[in-house]
Amino acid sequence: MSDGIRHSWDLTPREAIALQRELAGRVVLRALPRNFRILGASDIGYVKAGERLAAVMLTFSWPDLLPLEAVHAICPVRFPYIPGLLSFREIPPLIEAFEQLKKRPDVLLCDGQGIAHPRKFGLAAHLGLYLGLPTIGCAKKRLCGIHASPPNKKGCSVPLYLDREAVGSVYCSRDNVKPIFVSPGHLCDQKSAERLVARCLGRYRIPEPLRQAHLLATKLRLEISISSNG
DNA sequence: GCGACAG
DNA sequence: ATCTTGTCGC
């Protein structure tokens, strides 16, 4: 902490945007490895009116999705929430949590956009590039881009366009529910991203690994606010 | 100038 | 994200 290094998440919004433009050029889009062993899933919970962030990182065997590890990290908030700059806010605790895993996952599911982002550098892309790991962005809402309405049938999707380029897909993860937004982060492509998400779907709208991460983050948030105050 | 806007 | 109760639908 006293090494004088200015971390990339301590930038001004203007500097952060410039950095995104630069780093976006390093993102690699390609098919996911054919056979891998471990899938990761991460989520963030906000503690105490947004004073601190609780990151949860889970790993599962692939393709069985049996739980392997569960770790977490708590960090103070260092960056405000600004649409398009979410990664600068959430990456610190995510990295801390990731470093506590005994085994690195081969692919990581993230709660946010991948390249379906104004500068094609959403949370999943940023985290994947930082960790040198294949990542997939899976968001509950649209950040940017245009799309047709997908059929309300599980497994159906329509492309999400930014300018004239497909940057993700609007995916129906359950019959008659609002679609989710799937886009590759890093070392992944759209087809691989969609196929992986499809294999993670259970009874709910959110892919099971991400849903589990969210449940744990919520539980953690409660425990923390109880023990640190009250 | 008027909306839109991941978590 | 978080703050919150009941309520409509498969």
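Please read all numbers here as calculations on a predicted model, not as lab measurements. Naming convention: chains lettered A, B, ... in sequence-line order (proteins, then strands); numbering from 1 in each chain.
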Item to complete: Mark up nucleotides 5-10 of chain C, 5' to 3', with B wherever a protein heavy atom is under 4.0 angstrom from a base atom, S wherever such an atom reaches only the sugar-phosphate, and - elsewhere.
Response: ------
Practice prompt. Compute the centroid of each ring, for A:Tyr130 and then for A:His186, and state whether the two points are separated by less than 6.0 Å.
Written response: no
Item to complete: Working to the nearest 0.5 Å, report the span between OH of A:Tyr171 and SG of A:Cys156.
Response: 8.5 Å
Discussion item. Can you see whether A:Ser169 engages A:Glu194 through a side-chain donor-acceptor pair at a distance of less than 3.5 angstrom?
Written reply: yes
Worksheet item: Any salt bridge between A:Asp43 and A:Arg211, counting N to O under 4.0 Å?
Response: no
Worksheet item: Taking the six-membered ring of A:Phe181, is the NZ or CZ of A:Arg142 close enough (under 6.0 Å from the centre) and on axis enough (within 45°)?
Response: no
Worksheet item: Is the number of heavy atoms from other residues, nucleotides or ligands under 6.0 Å of A:Arg104 CZ greater than 12?
Response: yes
Item to complete: Note every stem involving DNA chain C: at least three consecutive Watson-Crick or G-U wobble pairs, i with j then i+1 with j-1, with both distances under 3.5 Å.
Response: none
Discussion item. Whether the A:Tyr46 and A:Glu90 side chains hold a donor-acceptor pair (N or O, under 3.5 Å, no angle test) is what I'd like checked.
Written reply: yes
Practice prompt. Answer yes or no: is there a donor N or O on one side and an acceptor on the other, between the side chain of A:Ser192 and the main chain of A:Cys188, under 3.5 Å?
Written response: no
Discussion item. Can you see whether A:Glu208 engages A:Gln212 through a side-chain donor-acceptor pair at a distance of less than 3.5 angstrom?
Written reply: yes
Worksheet, complete the sentence: To the nearest angstrom, the NZ-P distance between A:Lys219 and C:dT2 comes to 16 Å
Worksheet item: Got a salt bridge between A:Lys153 and A:Asp175, using NZ or NE/NH1/NH2 to carboxylate O under 4.0 Å?
Response: yes
Worksheet item: For every nucleotide of nucleotides 2-7 of chain B, 5' to 3': is a protein heavy atom under 4.0 Å from its base (B), only from its sugar-phosphate (S), or from neither (-)?
Response: --SBBB
Worksheet item: So what does A:His214 touch, heavy atoms closer than 4.0 Å: a base, only the sugar-phosphate, or nothing?
Response: sugar-phosphate
